[in-house]
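Below: one structure, written as structure tokens.
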Amino acid sequence: MPLLPTPDTRHVDFDKIYEPSEDSYLLLDTLSSDSETKFLHDRFPAQTASPVVLEVGTGSGVVLSFLTTNSTAIFGHDSILTLGIDVSMPANLATRETVSRNNPRGFYLDSLTGNLTTPLRDGSVDMLVFNPPYVPTAELPILPGEEDEDTGRELDLLALTYAGGPDGMVTTDRLLDMLERVLSEDRGVAYVLLCAQNKPEAVAERLRLGGYGEKGVRWKVEKVGTSGKKAGWEVLGIWRIWR
Amino acid sequence: MKILTSNYITCAVKACKSSTLSFPLHFQDAELVQEEVDFNAEFIVGILPRIEWDALIVTAAELGFTNLPAQKPEPTEEAPLGEQVLKDLHKLLLETQVTEGKLVCGNCQHIYNIHQGIANFLLPNHLV
């Protein structure tokens with residue numbers, strides 16, 4: 001497939017918002033790779049119900065914008081609905097701006113301020129994309145709460161974009177627990193980025209064995225993209241998780 | 001926030017997920033804006049299967065749109081949807097936006113604020 005354009009994010013204030021980096025670009029490359037465009041063409045054919053595509057933690061919006069702009073190449077049609085959620089209001093405003101500046105073809109619904117998938121109705125998401133805060137840290141930064149809208153309490157929004165707690169997995173584990181609830185029964189698929197320190201093979205095995213969530217769905221899991229090879233180690237990987 | 005989005009969201013409080021009262025959330029003090037979007041009949045037909053119709057009727061009525069059919073249209077090749085129904089849906093679902101206002105849970109009565117078109121679903125700490 002020809003290289004698809006990377007969305008323009010020059011308007012974004014990177015003092016508050018995560019700047020597109022190697023992990024973001026790996027997601028763009030993977031979602032537009034031959035294997036994944038084939039998978040997504042087959043999963044969401046034209047003339048069937050339009051898929052709802054949710055990105056969790058949109059930051060600048062570069063990944064959601066990429067999907068919305070390049071829907072024809074990635075899905076084979078433009079009948080997709082894209083939705084973003086982020087704990088940071090500045091990130092949500094930036095995402096909306098990024099999508100609108102980059103000639104969207106699919107239909108961008110909205111950005112929401114929220115914690116992972118908590119406001120999504122059960123089974124409402126067909127495709128979920130998550131570039132988590134995956135860097136191992138001693139503890140998690142404080143999450144913003146509803147009160148912060150009024151008090152203007154200074155939060156370390158940038159730390160929230162990368163700090164993942166022990167194994168870098170605290171936030172990702174919570175998201176993986178939610179998949180069985182939020183992904184549609186028949187077509188749901190998630191793309192989640194993991195780094196080597198997250199012990200990705202163990203995470204994948206736990207997903208396959210039904211070790212996440214309350215129902216314990218036994219997911220299909222496959223590594224579909226890698227980058228950052230260091231002395232033979234792949235530092236970053238994109239994992240496809242589906243029923 | 002677009003009206004179609006409200007069909008995919010519910011109360012963020014975990015205990016409300018099992019209550020039928022938590023969906024749809026109810027708009028209050030909504031300031032509506034219409035933003036023109038290119039009309040595409042096929043696109044509307046494609047999103048119909050992804051809509052919870054009964055919830056949409058409730059939301060639409062709360063915002064003053066009362067011209068939706070009571071039952072979800074089921075277009076077929078022999079009986080496609082009329083252009084007027086498609087245009088009404090297009091206007092309501094894709095072009096109508098709530099820029100300021102509130103969304104209220106019918107179960108726990110929690111209020112979610114909408115500012116600059118973006119709804120805030122972060123909860124106060126005692127509800128997380």
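Throughout, protein chains are lettered first and strands after them, A, B, ... in sequence-line order, and every chain is numbered starting at 1. Since we're looking at a predicted model, the values are computed, not measured.
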Quiz item: Do V45(B) and Q47(A) come within less than 4.5 Å of each other through their side chains, counting heavy atoms only?
Solution: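 No; the side chains remain at least 4.5 Å from each other.
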Practice problem: Could you list which of residues 97-112 of chain B have a heavy atom closer than 4.5 Å to any heavy atom of chain A, in residue-number order? | Solution: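 Hits under 4.5 Å: H110(B), I111(B).
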Quiz prompt | Members of residues 22-33 of chain B whose heavy atoms come closer than 4.5 Å to chain A | solution =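 Within residues 22-33 of chain B, the residues under 4.5 Å from chain A are F23(B).
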Quiz prompt | Closest non-hydrogen atom pair, F43(B) against S50(A) | solution =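 Scanning both residues, the minimum pair turns out to be O-OG, 4.4 Å.
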Exercise. Write down the atom of G123(A), the atom of R50(B), and the distance for their closest heavy-atom approach.
Key: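 Minimum heavy-atom separation between G123(A) and R50(B): O-NH2, 4.1 Å.
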Practice problem: Please lay out, stage by stage, how E214(A) and K17(B) fare under the test salt bridge (Lys or Arg N to Asp or Glu O under 4.0 Å). | Solution: CA-CA 14 Å; E214(A) 285 163 18; K17(B) 299 287 182 206; over 6 Å; no
Quiz item: Once you round to the nearest 0.5 Å, how far does OG of S79(A) lie from CD1 of I47(B)?
Solution: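 Here the rounded value is 8.5 Å.
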Self-check item: Rounded distance [0.5 Å steps], CE in M178(A) versus NZ in K14(B)
Solution: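 If I round to the nearest 0.5 Å, the distance is 8.0 Å.
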Quiz prompt | Contacts with chain B made by residues 84-112 of chain A (heavy-atom distance under 4.5 Å), listed by residue number | solution =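 Checking residues 84-112 of chain A against chain B gives V87(A), M89(A), N92(A), L93(A), R96(A), F107(A), Y108(A), L109(A), D110(A), S111(A), L112(A).
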Self-check item: Residues in residues 113-121 of chain A near chain B [non-hydrogen atoms, under 4.5 Å]
Solution: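 So far as heavy atoms go, T113(A), G114(A), N115(A), T118(A), P119(A), L120(A), R121(A) are the residues that approach chain B to under 4.5 Å.
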Using non-hydrogen atoms only, which part of [X] is less than 4.5 Å away from chain A: side chain, backbone, both, or neither?
X: V13(B); result: neither
X: L48(B); result: neither
X: N40(B); result: neither

Exercise. Mind running side chain to side chain contact (heavy atoms under 4.5 Å, CB included) on L81(A) and Y8(B) for me, showing each step along the way?
Key: CA-CA 11 Å; L81(A) 299 164; Y8(B) 301 123; 3.6 Å; yes
Quiz item: Counting only heavy atoms not in D38(B), do more than 12 fall under 6.0 Å of its CG?
Solution: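 Result for CG/D38(B): open.
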Self-check item: Residues, nucleotides or ligands: over 12 heavy atoms within 6.0 Å of E36(B) CD
Solution: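 Atom CD in E36(B) is not crowded, with 12 or fewer foreign heavy atoms closer than 6.0 Å.
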Self-check item: Options V52(A), L54(A), L83(A), ranked by heavy-atom pairs under 4.5 Å with chain B, top entry
Solution: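 Option with the greatest count: V52(A).
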